[in-house]
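Contents: one structure, followed by commentary.
Within every chain, numbering begins at 1; the chains are lettered A, B, ... in the order of the sequence lines, protein sequences first and strands thereafter. All values reported here derive from a predicted model rather than from experimental measurement.
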Number of protein chains: 2
Amino acid sequence: MTRDPGGTPPGWRSVRKPASIKDVAAAADVSPTTVSHVLSGRRPVAEETAARVRSVVNRLGYVPASLARSLQAGFTSVVGLLIPDISNAFFADLAKGAEDAAHDLGYSLILCNTEFDPEREDRYLGMIRSRFIDGMVYAAGSPPSRQRLEALLGSFPIALADEEVEGLEGALIATADHEAGGRFVGNHLRELGHRRALALTGPRGLKSSTARASGFRQAFRGDVVERIGDFKESSGHRLVAEFLAEQRNLDATAIFAANDLMAFGAIAALREAGLAVPRDVSVVGFDDIRVASLSSPALTTVRQPAYDVGRTATAQLLQYAARGAVPPASRHTLPVELQVRDSTAQPAR
Amino acid sequence: MTRDPGGTPPGWRSVRKPASIKDVAAAADVSPTTVSHVLSGRRPVAEETAARVRSVVNRLGYVPASLARSLQAGFTSVVGLLIPDISNAFFADLAKGAEDAAHDLGYSLILCNTEFDPEREDRYLGMIRSRFIDGMVYAAGSPPSRQRLEALLGSFPIALADEEVEGLEGALIATADHEAGGRFVGNHLRELGHRRALALTGPRGLKSSTARASGFRQAFRGDVVERIGDFKESSGHRLVAEFLAEQRNLDATAIFAANDLMAFGAIAALREAGLAVPRDVSVVGFDDIRVASLSSPALTTVRQPAYDVGRTATAQLLQYAARGAVPPASRHTLPVELQVRDSTAQPAR
DNA sequence: TTGTATGCGTTATCAG
DNA sequence: CTGATAACGCATACAA
């Protein structure tokens, strides 16, 4: 990318060239070295000299170029956060936790929103190879990334957040206890008297999704039919509509959706088919996004500590990345919590 | 900040030192210049030479250090987005628009989440002075920032998103049509038959809030009592609770909240006081965040094009910032839309 | 078609 | 207490 290829159009105010450390040094009649030390305090400077330098710094509005500083230092104090969709409340909370942790450690955070687009993801992962960021918190929520990650994982500071990538061991990972979440839901529905359920999962190859489903089956103990979705509201809607169309009568009395969004899609589809929640069918989500408690009926769901996942992953990562180290494998499992609300009840019959 | 002050603990895998352009040049038996040109294509290179270089590049996994490139080029292709709270759906959507625009133009986006904390805001604004970012999209949603901004606005590429800062003219700004939104609400309530309303505003000094209120008054034409809040759910709750406590009987039949969050707070407070929405009181919000359509009752509100505001502000800003120019004053007003749902009805009287 | 020398702005090293 | 010099890694003007 070339700066100003055709010349700046007339009338544009150009950013005036900022003062450099040399300018300050010249104006204060000292060496750049001294200016640097006045500002950093890394070695003693005569008070008189220091005062003179500071005055020039103020007058010229000098601020050290962080770019040059980083080049010399070998690190940037910037960390990336790769997520599929910031407008999904779960990832927004995760991002908030990541940003907080980064800020606390003196880091800035680059938002890498991929929209599930592999090309976009590639471009962002490139930032770590070009050493523009010191590390990457990876929360892609989409499976195809494995190959790309494999090459990076051993050589660069990367942390997995929320989602472990199947086949990729040896990573630093912070995740909610998906399996426990699944078990909580299974227990809850079983205790209510449900015996046959429809499970709407996330994409194949996502460990979180698998873990939830497996915990659920284990605790539910009844019949479970599975349908594979993609975490979007539309897919929840479609899967349930298809399911209803496929069979004469709905034999499942409960639906366990892979996330709240899909649960809402499912509820919409049920409504359109004339089925009431929870009277005819109980529905459970996962995540406990804000909407869950405000919607009607309020959604029974599993609260995932999105903020903590983001915060933990970032804090752990930076502990290593800040020293130029690749984090060793370690797992941080955060507790989840069942939120029983109004979308689940005993089966009608 | 010093890298690795105490020496890296034993057992830590350090990031191996990446290949530089010199390493590649040496291994391919050419000059760094040639390597540079093979990669950039900015001048012809003999196919044989180029092939050799490319092979070495692959073998060493060489990726140009973007830091050094930026230092030499004088710009970073990074833009900042300053917002108060990414977990607020409005700002999450705005961020998504900003990120999309940035990505389309080859930029990365640094998320500056301030939590309304002036110190944090200062730190982030410093990034623009240290030239780590080429520009800043400013959507602080909080008034105190004026002084800080003033110094920057004329000299650095900054765009205001959603919120203009009172007293700061001459800026590039993209905003929703707040006044029209207020008018829409005023008309709607008047047409329903309301004559006396409570307006819950945002913080003093926010032009968006003022504009909404003024549009509202103008179109409503009835009595309006104003209470000042801070855009948070809790403040909506508190203001309404206080309002109810202050007077014997609730004489307002409608509430216009400065945003959806405050509207939900208001509804909660009304419920606690035994008042039903919309039977006893109509409530209108602003923003149309996702919850608004899913809550019960579904909230009548004004849809703000958050994504477009973020996208427009960023795209416009980068048009200048990418060429090292300060954007001239210009205003981009985006249309809003009244969403009539179930939280408004004729007054009971 | 290729290479040499220089500079981007800073900090670390070494010398005084 | 202070300064000259080199180096970070790259791109470019100039030279051949």
Closest listed nucleotide, where the reference is the side chain of [X] and the choices are [options]:
X       : options               : result
A:Val30 : D:dG3, D:dA11, C:dT2  : D:dG3
A:Arg42 : C:dA12, C:dT2, D:dA11 : C:dA12
B:Pro44 : D:dA11, C:dT1, C:dT10 : C:dT1

Rounding to a whole Å, what distance do you find between [X]:[atom1] and [N]:[atom2]?
X        : N      : atom1 : atom2 : answer
A:Lys22  : C:dT10 : NZ    : P     : 10 Å
A:Arg131 : D:dC8  : CZ    : C1'   : 11 Å
B:Arg69  : D:dC8  : CZ    : P     : 19 Å
A:Leu67  : C:dC8  : CG    : C1'   : 9 Å
A:Phe132 : D:dG9  : CZ    : P     : 16 Å
B:Glu48  : C:dT2  : CD    : P     : 9 Å
B:Ile21  : C:dC8  : CD1   : P     : 19 Å

Practice task
Examine distances only and state if a side-chain atom of A:Asp23 and a backbone atom of A:Ser20 form a donor-acceptor pair shorter than 3.5 Å.
Solution key: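 Yes; judged by distance alone, with no hydrogens or angles, the pair exists.
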Handout entry: B:Arg16 side chain vs A:Ser155 backbone, donor-acceptor pair below 3.5 Å
Key = no
Mind checking if [X] touches a base, just sugar-phosphate, or nothing, with heavy atoms under 4.0 Å?
X       : answer
B:Thr33 : base
A:Thr49 : sugar-phosphate
A:Ser70 : nothing
A:His37 : nothing

With a 4.0 Å cutoff (strictly under), does any side-chain N or O of [X] reach OP1 or OP2 of [N]?
X       : N      : value
B:Arg43 : C:dT2  : no
B:Ser36 : D:dC10 : no
B:Ser20 : D:dG9  : no
A:Ser31 : D:dA4  : no

Problem - 5'-most by nearest nucleotide on DNA chain D - B:Ser40 or A:Asp29 - result: A:Asp29
Exercise for the section: Output the distance between atom OG (B:Ser66) and atom CG (A:Leu71), rounded to the nearest 0.5 Å. Expected result: 10.5 Å
Exercise for the section: Hey, could you give me the CD1/SG distance between A:Ile128 and A:Cys112, rounded to the nearest 0.5 Å? Expected result: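 A:Ile128 atom CD1 to A:Cys112 atom SG measures 10.0 Å (nearest 0.5 Å).
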Exercise for the section: Determine, for A:Arg52 against A:Asp29, whether the closest basic-nitrogen to carboxylate-oxygen distance falls under 4.0 angstrom. Expected result: no
Handout entry: Side-chain-base donor-acceptor pair under 3.5 Å for B:Gln72 and C:dG7
Key =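 Yes.
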Practice task
Using heavy atoms to find the nearest nucleotide of DNA chain C for A:Leu71 and B:Thr34 separately, return the residue whose nucleotide is more 5′.
Solution key: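 Nearest-nucleotide comparison on DNA chain C picks B:Thr34.
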